[in-house]
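Some notes on the structure that comes next.
Here the structure is a predicted model, which means the values were calculated and not measured. Numbered from 1 within each chain, the chains take letters A, B, ... in sequence-line order. Just so you know, these numbers use all the heavy atoms, side chains as well, and skip hydrogens, waters and symmetry mates.
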Amino acid sequence: MFLDVQNLSVKLGQFHLHDVNLSLEKNDYMVIIGPTGSGKSVLLETIAGFFTPDKGEVIMEGKKITNQSPENRGISIVYQDYVLFPHMNVFENIAYGLRKKIQKDSFISSKVEKMAKMLQIDHLLSRNPETLSGGEKQRVAIARSLVVEPNILLMDEPFAALDVNTHAYLTTLIKNVINKHQTTCIHVSHNFNDVYNLAEKVAVMKDGKILQQGTLHDVFSRPTHNFVADFVGVHNVFQGEIVGHDKSLLQIEIDPGIIIHSSDDFQHDSNDVMVAIRPENIIFSNEKFVSSVRNQLKGVVKDIFEVGHTVWIEVQVGDVTFRGVLTPNSCESLGIKREKEIYLSFKSLNVNLMECRDAYHSI
Amino acid sequence: MFLDVQNLSVKLGQFHLHDVNLSLEKNDYMVIIGPTGSGKSVLLETIAGFFTPDKGEVIMEGKKITNQSPENRGISIVYQDYVLFPHMNVFENIAYGLRKKIQKDSFISSKVEKMAKMLQIDHLLSRNPETLSGGEKQRVAIARSLVVEPNILLMDEPFAALDVNTHAYLTTLIKNVINKHQTTCIHVSHNFNDVYNLAEKVAVMKDGKILQQGTLHDVFSRPTHNFVADFVGVHNVFQGEIVGHDKSLLQIEIDPGIIIHSSDDFQHDSNDVMVAIRPENIIFSNEKFVSSVRNQLKGVVKDIFEVGHTVWIEVQVGDVTFRGVLTPNSCESLGIKREKEIYLSFKSLNVNLMECRDAYHSI
Amino acid sequence: GIFTGGNSAEGNLTVLAGAGTILAMDDLKASFEEKNPGTTINIQYGNSGELFSTLNTQKSADMVIPGDLTFMEKAESKGYLENDTIKPIVYHIPVIAVQKGNPKNITSLKDLGNPGLKIGLGDTNGTAVGKQSIKILNKTGNLNAVKNNVVVYAPTVNQLMTYITSGQVDAVILMEEIATTGKGQDKIEVIKIPEDQNAIATIGVSLTVFTQNKNLATQFEDYITSPEGLEIWKKHGFKPVQ
Amino acid sequence: MRSKLEIIFISISFIFTAFLFIIIGTLFIMPSTEGFLSAIFSNELLASIKLTLSTSVLAAFCVILVAVPTAYSLSRYSFPLKSLIKSILDLPMAFPEIVLGIALLMILGDRFLGSWLESLGIDIVFTTTGIIIAQFFVALPYAVRILYSTFNYVNPRYEFVSRSLGYGEFETFRKITLPLAKGGIFASSVVTLARCIGTFAAVLLVGGGTYLKTETLPIAIYYNLSLGNIDTAITAAIILVLISFGAIFVMEKYAHENMEGVN
Amino acid sequence: MRSKLEIIFISISFIFTAFLFIIIGTLFIMPSTEGFLSAIFSNELLASIKLTLSTSVLAAFCVILVAVPTAYSLSRYSFPLKSLIKSILDLPMAFPEIVLGIALLMILGDRFLGSWLESLGIDIVFTTTGIIIAQFFVALPYAVRILYSTFNYVNPRYEFVSRSLGYGEFETFRKITLPLAKGGIFASSVVTLARCIGTFAAVLLVGGGTYLKTETLPIAIYYNLSLGNIDTAITAAIILVLISFGAIFVMEKYAHENMEGVN
Ligand SMILES: Nc1ncnc2c1ncn2[C@@H]1O[C@H](COP(=O)(O)OP(=O)(O)OP(=O)(O)O)[C@@H](O)[C@H]1O
Ligand SMILES: Nc1ncnc2c1ncn2[C@@H]1O[C@H](COP(=O)(O)OP(=O)(O)OP(=O)(O)O)[C@@H](O)[C@H]1O
Ligand SMILES: [Mg+2]
Ligand SMILES: [Mg+2]
């Protein structure tokens with residue numbers, strides 16, 4: 001492993017970062033998500049060396065760097081609040097880390113200018129950080145960390161102040177730069193687009209603990225914890241009981257008479273399980289149709305609301321409510337409206353099962 | 001009009017806020033969007049009185065308040081960088097504005113506590129702002145501005161540091177509070193969800209100017225400027241020529257032989273126009289079908305990429321490329337893959353026409 | 001006041017007095033004020049130059065009591081003094097002071113020229129004792145030898161006492177009343193200079209032309225030169241002129 | 001584990017503080033116990049302690065009262081002659097107090113202001129008022145310079161937020177600017193009070209240094225020294241040390257408890 | 001349009017600066033032109049100007065060199081005896097310089113350190129070195145107190161960012177901490193230099209104040225005053241004013257140009 005975080009614990013007032021373990025290969029890209037106040041920033045700053053851990057180790061290429069001074073870690077960090085040097089202009093802020101390694105002014109200039117151009121801040125180079133807009137500051141902070149080509153790059157919500165287009169542009173850019181220099185990245189984000197577009201690994205934090213980590217697919221399609229399922233947007237999560245099986249398919253009753261089939265290879269001690277189905281995996285139709293889907297339920301549309309470019313509908317089946325998402329056009333062509341009867345279909349492949357750890361709370 | 005901004009101009013170094021005009025009724029909710037560095041924060045801070053305009057007026061209920069001191073404007077502002085008072089704890093930060101109006105401590109306590117509970121920061125009341133996480137700070141800033149029940153609330157990216165769930169929760173909350181107190185709101189955001197969920201009016205800024213403003217539908221469905229069209233995500237923007245008309249439908253040729261019908265009641269001096277079609281308004285099918293759509297083109301799938309829960313495809317029709325969006329399921333059921341032939345259908349109602357102002361630049 | 005009759009004086013006096021007279025003057029002031037209720041004597045102390053500056057810049061003060069009568073000539077030439085009120089009071093006598101136990105065995109002016117000693121003198125222009133020292137050493141004839149030993153010419157006399165008591169120098173020449181009356185005496189030893197080798201200054205008093213209360217001023221002048229007043233001077237180590 | 005820089009820096013603090021400590025401590029070695037005890041209860045010292053403390057505290061208070069608005073104006077507003085004013089305010093720090101004393105004497109003396117003030121019944125020269133005025137002008141420049149630098153470190157946006165929450169300028173100044181400048185105000189109070197207590201030459205000239213009336217502690221030390229009363233002088237010095245130490249220790253402790261999180 | 005607070009505050013600055021200006025200006029009215037001209041070119045004044053400037057600049061430089069690490073340690077690190085050290089460092093500000101002078105004399109005198117230093121051939125009392133040492137200890141506490149408050153206003157996160165960009169502690173201190181504390185360092189330099197130039201009693205006692213040898217400008221003023229040479233005394237004072245004004249004006253101008261955007 002290139003970077004190993006082992007049992008890292010930090011106490012800050014009431015907050016307790018709790019036995020965090022992470023493992024990243026060289027050039028891995030991990031995105032950490034989690035609700036506000038869950039300890040993401042504290043974790044990054046502890047890895048970088050700002051907070052001293054009470055327990056645990058940070059190990060880089062087999063060497064313990066837990067007690068090494070920050071300048072010897074080769075870790076560069078983009079702060080959530082930028083922390084630009086107020087006594088230097090933008091150029092000097094970006095050049096700062098370079099000047100430590102390189103003497104030649106012309107070389108520094110060309111590197112800084114190239115980086116600034118890439119981040120579309122080349123017109124700001126002589127400006128004072130105080131006078132920059134939020135998004136401009138953020139890009140200067142990114143540039144300052146990126147230009148030194150660190151071994152490990154920690155980024156704390158680096159795109160939060162950027163508009164959608166700049167965000168998309170920077171996503172591509174970062175991806176390229178990271179891969180070119182084989183940088184190992186940990187990126188804290190609130191935006192699932194970052195997860196979809198950048199993450200090779202995903203970690204979900206809550207209350208100072210990492211609840212689940214793994215590949216993008218693992219975490220999003222097989223959440224091992226109902227908080228994770230809920231947080232990452234698996235909106236159909238039901239409590240159920242395994243009532244039988246048919247070959248590899250488990251049969252789960254989520255409400256009297258409502259049986260769902262799942263192909264999840266779930267190891268169970270108890271018959272109580274949690275069932276999760278992602279809304280975008282549900283197909284709606286006015287008629288039953290014959291196909292490979294093993295789950296086809298009939299329900300009544302209870303609510304319709306637009307969220308951005310998409311339409312969300314709530315369909316009541318027995319006593320449980322399913323949520324699904326579809327395009328406005330399909331919605332229109334199906335003539336969906338409240339109290340209309342409709343069919344829901346979803347593949348058994350898309351029914352995830354989880355341990356029934358604690359009661360499920362909807363936000 | 002409750003709030004009128006007339007020809008407001010401010011110069012700050014190179015930047016020039018240029019003749020901004022805004023009109024808001026009581027309890028209007030305007031969301032301002034625009035690329036980073038376009039002057040959104042400067043505009044808000046000028047309305048609140050932090051910058052003195054070179055020209056123009058801010059008028060509230062018919063009275064000029066342009067030169068009034070900030071404390072007499074009844075305008076409260078949530079800063080992009082929070083600006084929490086470092087010498088007060090969270091409780092005192094939130095209570096600060098109230099103390100000016102109310103003497104009774106018990107009343108202040110109960111108001112602050114209620115507000116804190118609503119914003120889920122009630123466990124932080126005795127904390128020092130320095131020790132808060134980004135999202136916690138942001139909610140304290142919101143609470144501080146909201147608790148005084150201002151006439152006008154200006155919010156500069158108030159949700160940027162929040163996770164998706166907290167964001168959604170606060171959206172609903174703000175909506176309720178705003179309506180309850182009949183607050184007039186201007187909200188700067190990078191997140192289109194804020195526009196969809198909160199905006200009654202939308203303004204799009206670029207380079208210190210407001211390019212377009214109006215109702216949500218106006219701006220998103222009838223962008224009057226190709227930058228706006230592009231910025232708000234109308235990804236299919238083509239240059240074309242009006243070649244004829246048939247009743248209320250205009251016929252526009254966007255490529256030799258490719259004619260598009262539009263029902264836009266577009267006033268034109270010249271026959272050169274820009275055509276905009278929103279990707280989610282395009283229906284894909286393997287076969288032609290008979291329906292009310294007037295536009296049905298045949299193309300070849302050139303690229304497929306997943307963006308979050310959706311799949312975007314690029315389809316080449318003649319020499320032009322259309323972009324469309326669909327769910328992974330439809331994608332699968334249609335068997336979409338590269339080089340496959342496919343039909344695109346879209347209503348003439350969904351074809352927007354704009355003046356051909358300047359060359360179109362893709363980001 | 002109105003009811004106490006005419007001949008008992010009342011009011012305030014401002015007196016400029018030489019720094020060396022401080023203990024005696026404070027004592028005189030106290031007993032005079034006690035004898036004449038309702039009077040207040042404000043005394044400002046300083047060396048001759050300071051007193052002159054004050055007189056020159058402020059042109060107030062009722063009375064001056066400088067440490068050397070030469071002051072009177074200078075002030076008189078500027079027309080600051082009531083000429084016929086100048087009276088001598090007591091002598092100011094230079095002595096040699098050495099550290100307790102006399103470790104360097106200094107017994108006379110001659111010994112001050114012994115090689116290796118550290119001598120402190122008052123500044124030869126600015127201080128009365130400095131001027132006197134030069135005169136004395138000229139008389140003795142070993143001025144140059146002593147000058148070689150001088151490590152400091154102090155512009156203020158109090159420095160000399162500090163230097164000798166803190167051991168920075170081996171011997172100093174200063175005024176007898178300072179050396180014999182202050183509580184510093186148990187840290188030093190005094191070696192008297194024979195009268196024929198010495199140069200003695202005189203402390204005097206005079207009213208100024210600026211006085212606002214000549215009556216009271218005259219009364220105070222009379223008191224400090226009266227036998228009763230001279231007893232107080234003696235108590236503080238001064239020798240009356242007689 | 002302490003870093004290299006930390007060790008070096010802390011060592012420097014220790015070394016020079018130790019020096020100072022020894023220097024100050026030397027004072028305590030000197031006097032004989034009887035001398036000390038008799039001196040401490042003498043009328044002279046008691047009176048001068050009272051006088052020193054009361055005038056210094058009053059003068060320091062006035063200094064802060066004037067220095068705060070002055071330093072704030074210099075830091076925030078632009079107005080004509082500003083950099084001249086800044087230089088003039090810095091100037092008196094470089095003067096030996098005696099120069100300030102002479103200048104004050106001249107101006108308060110016969111010629112100009114003095115006679116006018118006298119006609120109003122206000123006596124300044126040779127009075128306690130004179131002492132306070134002398135202390136005031138000696139200490140003012142220090143306070144202004146420190147506070148000017150402090151206000152420069154306070155971000156004006158906090159003030160604006162307060163305004164937009166309904167507070168007027170004065171209230172904002174009181175509730176936001178002053179608390180944020182606490183560290184610097186505290187530093188300048190310590191310096192100011194110290195300077196007021198320690199002023200000598202200016203107070204001597206303007207106040208007259210009259211025994212038991214305008215004789216402050218530094219003047220008492222000077223007098224006794226010039227008389228060779230080293231015991232009394234040093235006793236006075238020790239008292240000054242003890243008083244100052246007490247006051248400053250309490251202030252620093254108080255500040256420490258109240259400043260958590262401000263800086 | 002200026003606000004009420006602004007007008008009041010600026011007025012206060014103007015009023016008290018005007019006072020100071022008049023006080024200082026009075027000095028210029030006094031001397032006769034011939035007296036001034038002859039005094040200014042006298043050996044005595046030229047020598048004391050040279051001495052004053054050279055010792056003060058050197059002493060101030062040493063003060064800043066010691067005060068910066070000391071204040072930084074007090075602000076950033078925690079170590080035993082910290083609040084005691086803070087109080088000890090504040091103390092000497094409250095002393096009349098004469099007390100510091102006596103204490104220095106005692107410690108440098110025969111008894112302890114003095115004889116050891118003498119055996120090494122180092123003379124301190126009655127020499128220029130003594131003057132510098134006296135100035136150093138008089139000014140050090142001011143510098144430490146101001147810098148301590150300044151470092152408290154510098155956010156340590158900037159230092160951490162610098163470290164994570166590869167700079168060691170020393171370099172970070174030089175490139176980040178010091179520039180961010182520029183305003184306070186400048187303030188303390190002005191105060192320190194001013195204090196060094198203006199020190200009188202301590203320099204007099206330790207240096208001896210010997211004519212043409214250890215006679216600094218303040219001593220020259222005092223000395224000439226005691227000789228009744230008011231013209232020379234005031235000329236010396238005016239020279240002090242002019243030198244200080246020149247130095248401070250240039251420094252403030254320089255600082256203004258270099259500090260844009262820092263504070
Ligand atoms: N110095 C401190 N003292 C006490 N509590 C602290 C301190 N620093 C952080 N905390 C608390 O620790 C928790 C985790 O903080 P952290 O900044 O890591 O959250 P986060 O996950 O980054 O949240 P956000 O997404 O809002 O930025 C928060 O509740 C915060 O209030
Ligand atoms: N004091 C100033 N001096 C010079 N330029 C300034 C100043 N303040 C802002 N600007 C510039 O004005 C432009 C608009 O700034 P503003 O903060 O309003 O942008 P914004 O639209 O809020 O951007 P963002 O979305 O990144 O926050 C920016 O390019 C910024 O650099
Ligand atoms: Mg965070
Ligand atoms: Mg902004």
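- For E:F14, the CZ atom sits in a packed shell: over 12 heavy atoms of surrounding residues, nucleotides or ligands are nearer than 6.0 Å.
- Environment of NZ in E:K50: sparse, with no more than 12 heavy atoms of neighbouring residues, nucleotides or ligands closer than 6.0 Å.
- Within a 6.0 Å sphere centred on CD of C:Q212, heavy atoms belonging to other residues, nucleotides or ligands number 12 at most.
- Within the structure, side-chain hydrogen bond (donor to acceptor under 3.5 Å, both in side chains) contacts touching residues 101-112 of chain C (residues at least two apart or in different chains) are C:K104-C:D170, C:T107-C:D111.
- Under the side chain to side chain donor-acceptor pair (under 3.5 Å) criterion, E:D90 pairs with no residue at all, not counting sequence neighbours.
- Residues of residues 195-215 of chain E having a heavy atom under 4.5 Å from any heavy atom of chain C, listed by number: E:L204, E:L205, E:V206, E:G208, E:G209, E:T210, E:Y211, E:K213.
- Within a 6.0 Å radius of CZ in C:F210, more than 12 heavy atoms belonging to other residues, nucleotides or ligands are found.
- Contacts from residues 132-144 of chain C to chain E, taken as heavy-atom pairs separated by less than 4.5 Å, involve no residues at all.
- In this structure, E:L105 and C:Q168 approach most closely via the heavy-atom pair O-NE2, 2.5 Å.
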